[in-house]
Amino acid sequence: MADGTSSFEDLYPFEPRYLDLDGVRMHYVDEGSGPAVLMLHGNPTWSFYYRELIKGLRDRFRVIVPDHVGCGLSDKPQRYEYTLETHIRNLSRLVDHLDVGALDLVVHDWGGAIGFGWAMRNSEQVRRIVVFNTSAFAGPCPWRIRICRWPGVGALLVRGFNAFAGAAVQMACKNRARMTPEIKRGYLLPYVDWASRIATLRFVQDIPLESNHPTRALLAEVEASLPQFADRPMLICWGGRDFCFNDWFLSQWRSRFPRAEVHEFPEAGHYVVEDAVDGILPLVSQFLA
């Protein structure tokens, strides 16, 4: 644009594609050709989070980035099972629909549990793994996320005031030069009212903190499956100023995958790809090559 700012189309220049999931549309990006790379976002982000990696890799790879149902440009049904199991099944249907075959898996935040949940059922398809501030196992949960689970209060904060997504663009990105007004609007674009923030709340409620939580057993199953990927090449890029996925989680990844290539970005936050994309893109490109 003439004034030096970027339009949304400049930031996110991808053709929209949709998969019908029994009447619910799942949006995804499918750019480039070559070896497949599947990137999975978390909450409250969407495929917009990976936009620079998509643009930087699509000349050599087929980059596939879905928006989980309820997120991004996907439909946001109000009566829906927003659970880990559902997201894994949706991902399975997308991968099968695209007939991808072998792929490299890239995960962040909830993308870790969803991605490894899919991988444990399709391990033969996974070539390499890239991990950004995430988990695929139970761990500590900070108080500011626990508050969003409180009955009544959580819905008011997350859906009424957009406190989760709105706060994330402030707290999860430490590189203020990167989080321009245009990029901030891009992150918040899908979450404009009470109805569109349904999954943002449901993801928080699906964190299995209680021993009897419905998702607890599945997450334990995902965790138990991790050793089967110890022989896969793994790249870990980690933001050191993440209030949620802190050093405890990084130490868990290191101990479970001692052969992993680890790069720490001490000044980056939870949105590590946003904070440190200039350093991360060359690492990911070289690793996948």
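Model, not experiment: these values are computed from the prediction.
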S.K.: Distance to the ring centre below 6.0 angstrom and angle to the axis at most 45 degrees; does that hold for Arg197 and Phe164?
M.R.: no

S.K.: Please assess Asp206 against Thr215 for the test side chain to side chain donor-acceptor pair (under 3.5 Å), listing each intermediate value before the final yes or no.
M.R.: CA-CA 7 Å; Asp206 198 42; Thr215 293; 2.6 Å; yes

S.K.: Please answer: with hydrophobic residues joined when any side-chain heavy atoms are less than 4.5 Å apart, are Met234 and Leu38 in the same cluster?
M.R.: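 As far as the 4.5 Å side-chain criterion goes, Leu38 and Met234 are connected within one cluster.
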
S.K.: Evaluate the criterion salt bridge (charged side-chain N to carboxylate O under 4.0 Å, His left out) for residue pair Arg17 and Glu15; output intermediate values, then yes/no.
M.R.: CA-CA 6 Å; Arg17 305 175 190 272; Glu15 178 183 350; 3.4 Å; yes

S.K.: Measure from NZ or CZ of Arg256 to the centre of the six-membered ring of Phe137, then state whether that distance is under 6.0 Å and the direction lies within 45° of the axis.
M.R.: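 Satisfied, under 6.0 Å and within 45°.
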
S.K.: Do the side-chain N and O atoms of Tyr12 and Ser47 include a donor-acceptor pair separated by under 3.5 angstrom?
M.R.: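 Yes, Ser47 and Tyr12 have a side-chain donor paired with an acceptor closer than 3.5 Å.
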
S.K.: Are His108 and His41, when compared by the centres of their aromatic rings, separated by less than 6.0 Å?
M.R.: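 No, ring centres 6.0 Å or more apart.
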
S.K.: State the CG-CZ distance between Leu53 and Arg58, to the nearest 0.5 angstrom.
M.R.: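 One finds 12.0 Å between CG of Leu53 and CZ of Arg58.
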
S.K.: Looking at Arg178 and Glu267, is any side-chain nitrogen of the basic one under 4.0 Å from a carboxylate oxygen of the acidic one?
M.R.: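 Looking at Glu267 and Arg178, the cut-off is not met.
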
S.K.: Rounded to the nearest 0.5 Å, how far does CG of Leu57 lie from OG of Ser285?
M.R.: 5.5 Å

S.K.: When you measure from the side chain of Glu264 to the backbone N and O of Val262, does any donor-acceptor pair fall under 3.5 Å?
M.R.: no

S.K.: Out of the candidates Phe14, Trp46, Phe48, only one should pair with Leu73 under the side-chain contact (heavy atoms from CB on, under 4.5 Å) rule; please name it.
M.R.: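 With Leu73 as partner, Phe14, Trp46, Phe48 yield a single side-chain contact (heavy atoms from CB on, under 4.5 Å), made by Trp46.
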
S.K.: Test side-chain contact (heavy atoms from CB on, under 4.5 Å) on Ile147 and Leu157; report intermediate values, then the result.
M.R.: CA-CA 9 Å; Ile147 290 175; Leu157 289 173; 3.7 Å; yes

S.K.: Check whether Tyr191 and Tyr80 end up in the same hydrophobic cluster, where Ile, Leu, Val, Met, Phe, Trp and Tyr are linked by side-chain heavy atoms less than 4.5 Å apart.
M.R.: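 No, Tyr191 and Tyr80 fall in different hydrophobic clusters.
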
S.K.: Side chain of Arg202, backbone of Gly70: donor and acceptor closer than 3.5 Å?
M.R.: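 Absent.
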
S.K.: Would you please classify the geometry between the Phe229 ring and the Phe116 ring as parallel, tilted or perpendicular, with 30° and 60° separating the classes?
M.R.: perpendicular

S.K.: Look at the side-chain heavy atoms of Ile, Leu, Val, Met, Phe, Trp and Tyr, link any pair under 4.5 Å apart, and say whether Leu105 and Leu219 land in one connected group.
M.R.: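 Each belongs to a different hydrophobic cluster.
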
S.K.: Measuring only between side-chain heavy atoms, which start at C-beta, is Arg232 closer than 4.5 Å to Val126?
M.R.: yes

S.K.: Under a 3.5 Å threshold, yes or no: a donor from one side chain and an acceptor from the other, between Glu261 and His263?
M.R.: yes

S.K.: Given the rule that I, L, V, M, F, W and Y join up when any side-chain heavy atoms are under 4.5 Å apart, are Met39 and Tyr18 in one cluster?
M.R.: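 Linked within one cluster.
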
S.K.: If you take the centroid of each ring, where Trp contributes its six-membered ring, are His87 and Phe203 closer together than 6.0 Å?
M.R.: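 When the ring centroids of Phe203 and His87 are compared, they turn out to be within the sub-6.0 Å range.
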
S.K.: What class does the angle between the rings of Tyr187 and Tyr271 fall in, given that below 30° is parallel, 30 to 60° is tilted and above 60° is perpendicular?
M.R.: parallel

S.K.: Would you mind telling me which of Val284, Val107, Ile236 makes a side-chain contact (heavy atoms from CB on, under 4.5 Å) with Phe132?
M.R.: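 Among Val284, Val107, Ile236, the one that satisfies the side-chain contact (heavy atoms from CB on, under 4.5 Å) with Phe132 is Val284.
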
S.K.: Compute whether any side-chain donor of one residue and acceptor of the other, for His270 and Asp109, lie under 3.5 angstrom apart.
M.R.: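 Checked: His270/Asp109 side chains pair up, N/O donor to acceptor below 3.5 Å.
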
S.K.: If hydrophobic clusters are built from ILVMFWY residues whose side chains come within less than 4.5 Å, do Leu40 and Ile64 share one?
M.R.: yes

S.K.: Quick one: sort the His97 and Tyr28 rings into parallel, tilted or perpendicular, breaks at 30° and 60°.
M.R.: perpendicular

